[in-house]
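Nothing fancy with the numbering, it's 1 onward along the sequence. Basis for what follows: all heavy atoms, side chains included, without hydrogens, waters or symmetry-related copies. Just so we're clear, the structure is a prediction, and the values are computed from it rather than from any experiment.
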Amino acid sequence: MPATASPDIAYIEEISPGSGRRVAPRAHLDSDSPVLDLCGDWRFRLYPSAGEADAAASDPGFDDSGWDAIDVPSHWVLRGDGRWGRPAYTNVKYPFPLDPPHVPDANPTGDHRRRFGLPPDWLAGGRVWLRFDGLESLGRVWLNGHEVGVVRGSLLRQELDVTDQVRAGGNVLVVRVHQWSAMSYVEDQDQWWLPGIFREVTLLHRHDAGLDDVWLRADRDPATGRGTLTVELSCPPEAYPVRVRCPELGLEAELRDAAAAHALDVGPVEPWSADVPRLYEVVVANAAETVTVRMGFRRVEVVGDAWLVNGRRLRLRGVNRHDFDPIEGRVFDAPKVREAMLLMKRHNINAIRTSHYPPHPVLLDLADELGFWVIDECDLETHGFETNGWVGNPSDDPDWREVYLDRAHRMVERDKNHPCIIAWSLGNESGQGGNLAAMATWIRRRDPGRPVHYENDHTDRYVDVVSRMYATVEELVELTRTRPGRPIIECEYVHAMGNGAGGIATYEATFDAHPALHGGFVWEWRDHGILTATADGTPFHAYGGDFGEVFHDGSFVCDGMVLADGTPTPMLAEYAAVVTPIKVVLAAEGVTVDNRRHDGDTGDLTFGWVHEVDGRAVASGVLAVPPVAAGDSTSVPLPTLDRGAAGEHWLTVTAALADRTPWATAGHVVTTAQLPLGVVEPGASAAPVAAPEPAVPSDDGGYALGEARFDRWGRLLSVGPLPVLGGEVTLWRAPTENDSLATRGSYELADPAETMGLGVDGPSSAERWREAGLDRLQPRLVALVPGPDGLTTRYLLAAANSAQHLTVEQRWRWSAGALQLDVDVQPSAGWTVTWPRVGVHLRLPAGYAEASWFGTGPGRELRRQPGRRARGPVLGRLDDLTVRYAVPQESGHREALRELRLAGEGLPSFSVTTTPVARARPGFVVARHSAEEWTAARHPHELPRSHGVHLLPRPGTARPRLPLVRAGRPARTRALAASGGGVRPVQGRPRLPCRRLTTPAHRRTR
């Protein structure tokens, strides 16, 4: 009689790596052995708890016709329109009591049933293995009524030998998946909790004399360039002889038995690297099976403080990456992932940390092919124990030793053939303990050719690479002193949540200055917003709390360089500009090209130049730059330019791909550099400056100034026929998410020089801004003086119950058909907070739809973006000038504005030009919503219908007494305070030099 499900559910809380006839961990191989894909439609039923699951469901004769259907792979909480539960997000804390290994009685449990036919020849001989590539968090498996095993390890491959259970004709496979199990305690990664079978289920036919496992260790001696191929096989004696062939290398070898020499000298070989991912196809075959492996020859070493590949130091320009899709969760879509990795390559990203588990194996195939350095991380995180002082942490509990070791085994064995992997990571944020040390010991013994990484080991007892998260530049420099002779990386840094990720250029300069620092990995690649909809059908990307979770960590799951739908944020362009491996420096002495690639000269690049006057090209050409070898630099003269024309002269040099590559088209720009050549003033024939017109009272009690109209308080009403409202100074901008975080990073309350750059715990900048009333300033008119040369207003801005204020003087002039504005702002004594902005707020008609400008861009910046300097004209849709972050916040500021033009159907062209003061120019934001509307909304769809276009010119930041608040260091929860920055007032001194804005009602296009 077939076995039925036992009411005993103790296996859910069992501390075990798995049970049943488990196949030893082995490599992911491209084999010609038969496979049967079991993905597709399965029958499905969800139970509220494990104890309520139907014990008869494992019987092959059970009638499941009344069950629902579900597609595999999938997560059941992303199916069923909510009737199967909802996703839940926590970052650190467990969403159940901290009582290992026990889990709640309310444990959603999904039965999955699949019928399949077996090819008849599979029963003629050999073995049949059942493979699970990923399910959360535990699966109990029956085949034809027989229990064949319990699968543990949500993101690790598990194979079961089911030879004795399969049969000819129809078969019934039942997988009971429990959302919570003892394994949930070691799978507390910062991501959504998403139960289900989310990776492939496969049946494999294995020949008795098959090649069960193949490991090709492809070493290359950097000194000689010769390669050695060491072949390690797992197969029975009858599998021999085994042939090893690589026609490209002229390799033909036959291994007669297990005792034969398996180390093959293959002669000179080209190295594999992330820059030049040279792969060789090797075929390993015998009479029963053929396995094909794409391998790359390289040697990975740690020598003193140098982490070397092929004898050269690594420089990691990396990202942390999860398997995630906004619709499918952790279900892997190879074409989409390839496109995302191509986007990474096009933005100078060369490394991936697989946070915080081994990825789908196809990702590593793509990394081999396209070229990425990879730190492969184990499926391990126990972060929630930190909240209880790490008491009970499994990392130091001997009962969990086999679970930890099993996870290391399955990661290393599955992925060992990939040349892209340059380190094994024990896991993430799991404290310290003997189980981690045991993992490291086993990994080193099994694979001495790759170092071990683990950030939480700050004693460096069992790691080869010193690693930190969000270390300040001060801490990194100190580590080079306190950890001499050790390579150092930032496994997470420049937190990319919302409009964040400041300080990239500072980190890059620090990496340049200290060779022991090998770079880092941005947290992280993609927002994890889940595409959902409101009750009325409005789509939006949800984050923690949007599915009714009582316990969650909000929008902290949306912290990527691309939005959930894959749209790049401005931070991605900034990162690409700063970390580019081709550094081009322009100076009066010439053009210097520094090639910081790991491999490959610059012969694939064309160095073009453009001479622009007032943002318009007047000449262009190509620099004759000889190929520069990796690690070398060269200089060439500047092109000969005619600098006689009046206007602002710029030289721009771009390094672009000369030909198509596997990751970009010809002409793709790898880097850009600019050199200001100065300003040539107009000659004496230029038209004289017109005299200003007087301000006179108007019939409505206000004032007229040329074609501009003001109300009785001196507020702008219109310019010509165009309603233009406001003009008042504002200090408020919508806080970024990092502005709103209170953990560390506060430089308002601590001197960074005295805290190793850490700052102190909050309150957050946003809290302090609100406490100071910067979001509710009230004006009081002090003086309004109409005169023969214009209109001058003086008023105070202050918040209720606050003695601190600022005095604003605005001088309006009308001359030569344009309205001019000079602004002077002086703070009172007593200010103790930064100001998020100093700007002027104008509201224009909603019909404006396009903007063109001469200034920085075209990216949507809030801060100064190193490498993104003056250019123009730039043309864009007004709706594209700000970013639809998961949480609405300030975005879209562009600095160093020369001229801005807005256009809209049926509206006159609206132009703003600026005059530099103290060598600084204002920037601008133009948006459909005001800062107050952004502040009030928690999701983009909650923004009200736009009633106008909001234009906010604000002063530049190149002023010595207005420093930006520096990016702070987050706590271990990846929090980062005040990265958006603000300006700090100096008591009793003018803080805003005059800014001259000309706002004509009508202006001809030049």
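In this structure, Arg330 is positioned above the aromatic face of Phe198, its NZ or CZ under 6.0 Å from the six-membered ring centre and within 45° of the axis.
Exactly one residue among Trp76, Phe44, Tyr47 makes a ring-ring contact (aromatic ring centres under 6.0 Å, His included) with Trp84. That residue is Phe44.
The aromatic rings of Phe332 and His360 sit parallel to each other, their planes meeting at less than 30°, with 60° as the upper class boundary. Using bins of under 30°, 30° to 60° and over 60° for the plane-to-plane angle, the ring pair Phe540/His939 lands in the perpendicular bin. Ring geometry for Tyr575 against Tyr493 counts as perpendicular: the plane angle is over 60°, on a 0 to 90° scale with 30° as the lower cut. Using a 30° and 60° split on the angle between ring planes, Tyr185 and Tyr94 fall in the tilted class, from 30° to 60°.
When all heavy atoms of Arg22 and Pro17 are compared, the pair lying nearest together is NH2-O, 3.6 Å. Heavy-atom minimum distance, Leu78 versus Gly329: CD1-N, 3.6 Å.
With no hydrogens or angles considered, no side-chain donor-acceptor pair links Thr736 and Asn738 at under 3.5 Å. Remark: the Gln189 side chain and the His356 side chain contain no N/O donor-acceptor pair separated by less than 3.5 Å.
Proximity of the aromatic rings of Trp272 and Trp373 is defined here by a centroid distance below 6.0 angstrom, and this criterion is met. The aromatic ring centroids of Phe556 and His495 lie less than 6.0 Å from each other. Taking the six-membered ring for Trp and the full ring otherwise, the centers of His409 and Trp424 sit at least 6.0 Å from each other.
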